[in-house]
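Single-structure report; data block below.
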Amino acid sequence: MDSSPPEVADPATVSDEAPGSPARALPAGLAATLVFVSSGAVLVLETASLRLVGPYVGVTLQVTSSVIGVALAAIAYGAWIGGWLADRRDPRRLLAPALVLAGICTALTLPIVRYAGEVLRGGAAVGILLLTALAIFLPAALLASITPLVVKLQLGDLRQTGQVVGRLSSIGTLGAITATLGTGFVLVAALPSTAIIISLAVLLGVTGLVLAGYLRRQSRDALPKPSRLTAAAAVLGLAGASLSAVAPTPCDVETAYHCASVEADPDNSTGRLLVLNSAWHSYVDLADPGHLEFEYTKWIGAVADVMAPARAPLDAVHLGGGGFTMPRYLTATRPGTRNEVYEIDGELVELGRRELDVRTGPELRARVGDARMLIGERATRSADLVVGDAFGHLVVPWHLATREMAAEVRRVVRPGGIYAQNVIDQPPLRFIRAEVATVAAEFPHVALVAPPAALAGSQGANFVILASDQPLPVEEVRERLITSADDPVTVLSGPALDEFVDDAMVLTDEYAPVDQLLATA
């Protein structure tokens, strides 16, 4: 009697007819291409979606975090579901439909976001998360399911599992990196978001259809032919693309940084309002450059009016251009003033030239670039007035709000010169308190201009911080504002300002949680 155990086949050499056997594997190049394209498409969609939702909910740290978080959630769930399906269905039957459906959902993103955006407009956390989910989740999840389907097909030899999974994972990561850099550096600068999304949808749809034809030929008609459901999906995709053409868009011009539009003032035939990402940014009177519409511009104008003898020219630096309201005002009220404007968005400068009567020349020099970098190139003690009015939506960019930035401004300002910084905050006013403390850490003389109700913490508003190395003309500014400002305004300085600031933190390059300080309690 033979007592030896029965022979057991080595699992590493087993081959069966289940999906994923060597006979059914995709060519290595095709497998790599599918993983590369699907992974890259997720990142194109993620980057473009930030531009799509920005006009409705802003471009803040919370919005960026929501886009990234929703995309990662879609990748996680898509990969999970794709792997589950790969173990229960022949992946060859699922790959092409997944790509086509991803293309359809991508095309539908445009009308969905633009119609839903009008309803969810604002900065509420729930609205931000919902709008980003509508923009990203479904197409990204479908795309994320591609990789586990492909991996399943390629796992024909268990001895090479690690090699197959590692190679395809690496290729997917390379696709994501390529798409991120390509979208950020090339596509966004070359194409509007609508063109990027539609092109991506077409690419995915065509790839899916070509793949379906290839797999059907390779399988000798073993795969099912297109059904009525497939035809209906194709029609839905075309309908989505058609809706994109008629969906409302808040942009006249989509720049690399903003969704921009210029609106006429119905009460003033020469008045123009510059809107950036759904926020009122600047007001310009084409016939009267000395006209200041927004209250905070009147406050800065009052400071400029009293800081030097009437009509004496100044050397002024503007951190942020927008509609170029203040440079035009200084040129009109102080002929010969040399304005240097630092604006990160070159297309916004061109929009100003076309529609807002911005005329660059000896008295107005516009430099395109980051204000933090450009002011570092400015000569020491070369400016009489520095105006800080740079915003990302309604938020001062964090690197322009730190003590190190204030030190750069102090270096550039001449003795007796003034730094006027515009800030927007909401109750409980944590950011404006911190920003006043930050500026005061570098300038010995600081004042704050704001509406009384805002200082009391009952409403949000613009605040203008004034700073100098010498005593500020506080009384002169107060008197000027009595005649120039339409609404009540308070100028805080001395002990009253110290009491308002209390023990607020000083923001630094190391620690500047601007977006968190701006969050309402």
Are side-chain heavy atoms of [X] and [Y] found at a separation under 4.5 Å?
X    : Y    : result
Y283 : T325 : no
V413 : I418 : no
L364 : F324 : yes
P513 : L507 : yes
N422 : F391 : yes
M405 : L319 : yes
M505 : L517 : yes
V284 : L274 : no

Just how far is it from atom [atom1] of [X] to atom [atom2] of [Y], taken to the nearest 0.5 Å?
X    : Y    : atom1 : atom2 : result
T132 : Y56  : OG1   : OH    : 14.5 Å
R334 : N339 : CZ    : CG    : 11.5 Å
F431 : W398 : CZ    : CH2   : 12.5 Å
T106 : I136 : OG1   : CD1   : 11.0 Å
R478 : T490 : CZ    : OG1   : 8.5 Å
F443 : R410 : CZ    : CZ    : 7.0 Å

| CA sep, side-chain torsions, deciding dist, call: V262, L351, side chain to side chain contact (heavy atoms under 4.5 Å, CB included) | CA-CA 9 Å; V262 175; L351 179 63; 4.1 Å; yes
Under 3.5 Å, side chain of [X] to main-chain N/O of [Y], donor-acceptor pair present?
X    : Y    : answer
D502 : A504 : no
E343 : L348 : no
R272 : S269 : yes
S145 : L142 : yes
T47  : V44  : no
D469 : H445 : no
E363 : T337 : no

| said: Checking L330 against L385 for the side chain to side chain contact (heavy atoms under 4.5 Å, CB included) test, could you report, in this order, the C-alpha distance in whole Å, the side-chain angles of both residues, the deciding distance, and whether it holds? | reply: CA-CA 11 Å; L330 291 175; L385 175 65; 4.1 Å; yes
For [X] versus [Y], what's the shortest heavy-atom pair and its separation?
X    : Y    : result
G323 : L356 : CA-CD1, 3.8 Å
Y257 : D345 : CB-OD2, 3.6 Å
L143 : V42  : CB-CG2, 3.6 Å
S468 : P444 : O-CD, 3.5 Å
A437 : V506 : O-CG2, 3.8 Å
G321 : V341 : CA-CG1, 3.5 Å

| message | As a quick check of understanding, evaluate side chain to side chain contact (heavy atoms under 4.5 Å, CB included) for V396 and E435, giving each step before the final call. | response | CA-CA 10 Å; V396 177; E435 189 59 14; 5.9 Å; no
| request: Decide side chain to side chain contact (heavy atoms under 4.5 Å, CB included) for I465 and I432; before the verdict, give the C-alpha distance in whole Å, the side-chain angles of both, and the deciding distance to 0.1 Å. | output: CA-CA 9 Å; I465 302 170; I432 184 58; 3.9 Å; yes
| query | When you check the gap from the basic side-chain N to the acidic O, do R433 and D425 get nearer than 4.0 Å? | reply |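 Not counted as a salt bridge, because no side-chain N and carboxylate O are separated by less than 4.0 Å.
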| query | Going by an N to O cut-off under 4.0 Å, is there a salt bridge joining D357 and R328? | reply |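 A salt bridge is present here (some side-chain N lies under 4.0 Å from a carboxylate O).
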| request: I would like to know whether R372 and D509 meet salt bridge (Lys or Arg N to Asp or Glu O under 4.0 Å); could you show each step before the answer? | output: CA-CA 12 Å; R372 177 74 179 265; D509 284 353; 2.6 Å; yes
Check this for me: [X], atom [atom1], are more than 12 non-hydrogen atoms of other residues, nucleotides or ligands nearer than 6.0 Å?
X    : atom1 : value
R353 : CZ    : yes
Y77  : OH    : no
E377 : CD    : yes
R354 : CZ    : yes

| Out of R378, R367, H318, which one pairs with E340 under the side chain to side chain donor-acceptor pair (under 3.5 Å) rule? |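 It is R378; the other options fail the test.
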Check: [X]/[Y] side-chain N/O donor and acceptor closer than 3.5 Å:
X    : Y    : answer
T438 : R403 : no
H291 : N268 : no
R51  : T183 : no

